[in-house]
Peer 1: 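Once you've had a glance at the structure underneath, I'll fire off some questions.
Proteins come first, then strands; the chains are lettered A, B, ... in the order of their sequence lines, and each starts at number 1. All values below were derived from every heavy atom in this structure, side-chain atoms included, with hydrogens, water molecules and symmetry-related copies excluded. Predicted, not measured: the structure shown is a model, and the values here were computed from it.
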Number of protein chains: 2
Amino acid sequence: MDNKFEIIYKTLKKEIIDGIYNDTMKLPTEAVLVKRFDTSRNTIRRSIQCLNEDGLVYSVKGRGVVILENTRVDEMFFKMGNFQGLKALSSYANVKTATKIRVFEELTVDEKLSKRISFPIGERVFHADRIRLINDRATMHDNSYFKKSIVKGLNKDIAKESIYNYINENLDFNIAASKTVTKVESANKIDSEVLDLGKNNCVGVVENAVYTDMGKLFEHTTIRYIPNEYAIVSFNQSDKDRVDHL
Amino acid sequence: MDNKFEIIYKTLKKEIIDGIYNDTMKLPTEAVLVKRFDTSRNTIRRSIQCLNEDGLVYSVKGRGVVILENTRVDEMFFKMGNFQGLKALSSYANVKTATKIRVFEELTVDEKLSKRISFPIGERVFHADRIRLINDRATMHDNSYFKKSIVKGLNKDIAKESIYNYINENLDFNIAASKTVTKVESANKIDSEVLDLGKNNCVGVVENAVYTDMGKLFEHTTIRYIPNEYAIVSFNQSDKDRVDHL
DNA sequence: GAGTGGTCTAGACCACGGT
DNA sequence: CCGTGGTCTAGACCACTCC
């Protein structure tokens with residue numbers, strides 16, 4: 001799985017991290033890279049685009065491809081694909097995780113639920129309400145709905161382990177993308193009951209809508225998690241022109 | 001500023017939102033679009049890439065470009081460029097905003113500060129500590145550091161208004177990108193003093209490192225904000241292959 | 001004006017999905 | 001097998017930065 005543009009991307013990435021361009025803080029010009037890698041300009045540009053998405057470089061017309069200074073933030077950098085994008089602030093070493101199932105049931109989406117999770121009224125769904133324990137502390141509370149028509153054969157045992165493993169290994173679709181809303185809210189009665197909040201009376205909330213590669217929304221999960229344990233990292237660019245006007 | 005690929009992008013975006021493709025939930029094939037817009041395939045692919053970045057479509061090799069189902073999340077969708085990416089949950093209508101300056105000073109980065117904000121030791125910086133009021137409520141506390149060598153001539157009056165307007169109108173660089181860490185933390189003593197937390201004892205925290213288009217880190221801001229008022233929205237894709245191994 | 005990245009063209013071949 | 005998107009080439013012209 002190593003395309004030409006990926007090889008070039010990885011090569012340049014390593015060189016940037018190793019500090020080879022620290023004198024100029026710029027990449028060589030596209031023309032130079034074309035010659036060096038004996039490839040076309042489009043392929044070079046594709047590689048540079050990858051570096052850009054990583055937050056390593058930024059291109060300016062007429063000036064060149066500038067290398068962005070490093071920050072402490074980079075130490076925490078990662079890509080978030082789904083709810084696991086919530087990276088534990090504590091190191092992963094010596095972490096004991098477990099899942100406790102509060103509810104696992106099958107039900108039909110009514111009007112109220114439909115408004116909340118954007119599934120059509122009448123859709124049959126699996127509802128899984130789970131607590132995530134880290135080192136015996138209840139740090140996360142996941143409330144998930146899966147479309148039965150897509151995630152066939154889901155059951156309590158699978159929910160206790162990894163639903164995503166089950167999908168990857170047994171079902172005929174792939175997970176393509178997700179849309180996420182992140183908030184901070186006052187803790188409600190359930191939060192204080194099921195999460196180890198300690199003295200804290202607020203939670204982080206992530207609402208996550210997940211899509212199959214057929215374009216179908218198949219999962220909606222609301223995660224409520226305790227403070228001081230998780231972080232989300234992202235890289236953002238001033239959209240040079242395009243504006244969102246949905 | 002309307003390139004060909006942008007025109008096509010906007011056209012297709014409108015058609016998707018208008019539901020023209022709702023029967024198949026797929027875009028026409030690239031070949032069809034090439035003919036329709038009388039352009040090259042690369043340009044069509046560029047337009048589709050824009051739609052993809054908006055979270056509207058997802059391409060699958062051999063199958064086509066699938067349109068993603070809509071969700072309630074889309075109602076809140078927006079691009080976050082810097083700290084303003086914290087979108088107020090309350091509507092923007094009838095909102096009175098104000099800024100109160102707690103501290104404005106010039107200082108030199110020492111070792112402790114350097115570790116926190118990734119500016120080199122000895123760098124001269126402006127330090128602005130500001131409270132954002134929305135409808136007379138203290139909802140956000142910004143603690144910002146700007147490199148003096150880059151943001152020349154910053155002063156208290158400018159900090160009271162918009163530093164970004166000042167940069168755009170008076171300085172010779174542009175803002176390129178930012179890296180962000182988002183967390184939830186227990187409120188500290190200062191938080192309870194300066195923010196209208198009410199009964200809440202936690203805050204949302206955004207750490208933001210901002211870059212010029214010369215690749216220079218020039219601003220570090222830590223925003224601490226009250227619960228229940230702000231949300232961050234994002235679109236994420238399963239990186240088909242590329243993995244981050246910095 | 002010289003050099004740089006941004007847009008665009010018109011092809012080619014490959015890998016995967018569905019029939 | 002055919003149709004689809006993914007990769008890649010080898011050019012062209014334009015817009016911007018910087019000297």
Side-chain angles (χ1 to χ4, degrees), chain A residues 1-10 12 21 24-52 57-68 171-174 176-177 212-216 237-242, chain B residues 1-10 12 21 24-52 57-68 171-174 176-177 212-216 237-242:
Chain A
M1 280 318 271
D2 262 2
N3 295 315
K4 205 162 183 174
F5 79 88
E6 285 181 298
I7 295 170
I8 298 170
Y9 154 67
K10 285 174 184 167
L12 293 175
Y21 306 113
T24 58
M25 287 306 274
K26 289 207 292 188
L27 278 191
T29 68
E30 292 180 352
V32 169
L33 293 172
V34 162
K35 278 184 190 162
R36 167 172 169 201
F37 291 103
D38 187 31
T39 184
S40 73
R41 201 175 147 215
N42 277 347
T43 300
I44 292 295
R45 288 177 58 74
R46 181 79 195 275
S47 304
I48 291 172
Q49 194 192 340
C50 292
L51 296 171
N52 177 287
V57 305
Y58 183 80
S59 305
V60 186
K61 192 194 298 195
R63 182 181 298 147
V65 180
V66 168
I67 296 171
L68 297 179
L171 298 180
D172 60 342
F173 68 89
N174 294 304
T212 72
D213 59 355
M214 304 294 291
K216 294 280 182 198
Q237 293 186 59
S238 349
D239 266 348
K240 287 160 189 171
D241 29 26
R242 274 174 45 219
Chain B
M1 281 322 266
D2 261 2
N3 295 316
K4 205 162 182 176
F5 79 88
E6 286 182 296
I7 295 170
I8 297 170
Y9 155 67
K10 286 175 183 166
L12 292 175
Y21 306 114
T24 58
M25 286 307 272
K26 289 208 291 188
L27 278 192
T29 68
E30 293 180 351
V32 170
L33 293 173
V34 163
K35 279 185 189 160
R36 171 174 165 200
F37 291 103
D38 187 30
T39 184
S40 73
R41 200 175 147 216
N42 278 346
T43 301
I44 292 295
R45 287 177 59 73
R46 181 80 195 275
S47 304
I48 291 172
Q49 193 192 340
C50 292
L51 296 170
N52 177 288
V57 305
Y58 182 81
S59 304
V60 186
K61 191 194 298 196
R63 184 183 296 147
V65 180
V66 169
I67 296 170
L68 297 179
L171 298 180
D172 59 344
F173 68 90
N174 293 304
T212 71
D213 59 355
M214 304 294 291
K216 293 279 181 200
Q237 294 187 58
S238 350
D239 266 349
K240 287 159 189 173
D241 30 24
R242 271 175 45 220

Peer 1: Kindly indicate whether the side chain of B:Tyr9, heavy atoms from C-beta on, has any atom under 4.5 Å from the side chain of B:Asn3.
Peer 2: no
Peer 1: Taking only N/O atoms, report every protein-nucleotides 17-19 of chain C pair under 3.5 Å with atom names and distance.
Peer 2:
unit_1: C:dG17; atom_1: O4'; unit_2: B:Gly62; atom_2: O; d: 3.4
unit_1: C:dG18; atom_1: OP1; unit_2: B:Arg63; atom_2: NE; d: 3.1
unit_1: C:dG18; atom_1: OP1; unit_2: B:Arg63; atom_2: NH2; d: 3.4

Peer 1: Atom NZ of B:Lys35 to atom P of D:dT4: distance rounded to whole Å?
Peer 2: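 Nearest whole value for this atom pair: 10 Å.
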Peer 1: Not counting sequence neighbours, which residues clear salt bridge (charged side-chain N to carboxylate O under 4.0 Å, His left out) with B:Arg46? List them please.
Peer 2: none
Peer 1: Starting from C1' on C:dT7, measure out to CZ on A:Arg45 and report it in whole angstrom.
Peer 2: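 So the CZ-C1' distance, A:Arg45 to C:dT7, works out to 8 Å.
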Peer 1: With sequence neighbours left out, what residues match B:Arg45 under side chain to side chain donor-acceptor pair (under 3.5 Å)?
Peer 2: B:Glu30
Peer 1: Provide, to the nearest angstrom, the distance between the CD1 atom belonging to B:Ile44 and the C1' atom belonging to D:dG6.
Peer 2: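 Taking atom C1' of D:dG6 as the reference, CD1 of B:Ile44 is at 16 Å.
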Peer 1: CD1 of A:Ile67 versus C1' of C:dG5: gap in Å, rounded?
Peer 2: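 So the two atoms are 16 Å apart, to the nearest Å.
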Peer 1: To the nearest angstrom, how far is B:Tyr58 atom OH from C:dC16 atom C1'?
Peer 2: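 Taking OH of B:Tyr58 and C1' of C:dC16, I get 13 Å after rounding.
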Peer 1: Verify side chain to side chain contact (heavy atoms under 4.5 Å, CB included) between B:Val65 and B:Leu51, making sure each step is shown before the conclusion.
Peer 2: CA-CA 10 Å; B:Val65 180; B:Leu51 296 170; over 6 Å; no
Peer 1: Is a side-chain N or O of A:Ser47 found less than 3.5 angstrom from the main chain of A:Phe5, in a donor-acceptor match?
Peer 2: yes
Peer 1: Please list, for nucleotides 8-11 of chain D, all pairs of protein and nucleotide N/O atoms separated by less than 3.5 Å.
Peer 2:
unit_1: D:dC8; atom_1: OP1; unit_2: A:Lys4; atom_2: N; d: 2.5
unit_1: D:dC8; atom_1: OP2; unit_2: A:Phe5; atom_2: N; d: 3.2
unit_1: D:dT9; atom_1: OP1; unit_2: A:Lys4; atom_2: NZ; d: 2.5
unit_1: D:dT9; atom_1: OP1; unit_2: A:Thr39; atom_2: OG1; d: 3.3
unit_1: D:dT9; atom_1: OP2; unit_2: A:Thr39; atom_2: OG1; d: 2.3
unit_1: D:dT9; atom_1: OP2; unit_2: A:Ser40; atom_2: N; d: 2.9
unit_1: D:dT9; atom_1: OP2; unit_2: A:Ser40; atom_2: OG; d: 3.0
unit_1: D:dT9; atom_1: OP2; unit_2: A:Thr43; atom_2: OG1; d: 2.7
unit_1: D:dT9; atom_1: O4; unit_2: A:Asn42; atom_2: ND2; d: 3.2
unit_1: D:dA10; atom_1: N6; unit_2: A:Asn42; atom_2: ND2; d: 3.1

Peer 1: Any side-chain to backbone donor/acceptor pair from A:Lys26 onto A:Arg63? Under 3.5 Å, distance only.
Peer 2: yes
Peer 1: Go through the structure and list residues passing side chain to side chain donor-acceptor pair (under 3.5 Å) with A:Ser40, not counting sequence neighbours.
Peer 2: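 For A:Ser40 the side chain to side chain donor-acceptor pair (under 3.5 Å) partners, ignoring immediate neighbours, are A:Thr43.
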Peer 1: Rounded to whole angstrom units, what separation is found between the CG atom of B:Asp213 and the C1' atom of D:dC16?
Peer 2: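 It works out to 12 Å between those atoms.
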Peer 1: Could you state the CD-P distance from B:Gln49 to C:dT7, rounded to the nearest angstrom?
Peer 2: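 B:Gln49 atom CD is separated from C:dT7 atom P by 11 Å.
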Peer 1: Figure out the CD/C1' separation between A:Glu30 and D:dC13, and round it to whole Å.
Peer 2: 15 Å
Peer 1: What residues, two or more places apart in sequence or in another chain, satisfy side-chain contact (heavy atoms from CB on, under 4.5 Å) together with A:Ile7?
Peer 2: A:Asp2, A:Thr11
Peer 1: For the CD1 atom of B:Ile8 and the CD atom of B:Glu6, what is their distance to the nearest 0.5 Å?
Peer 2: 10.5 Å
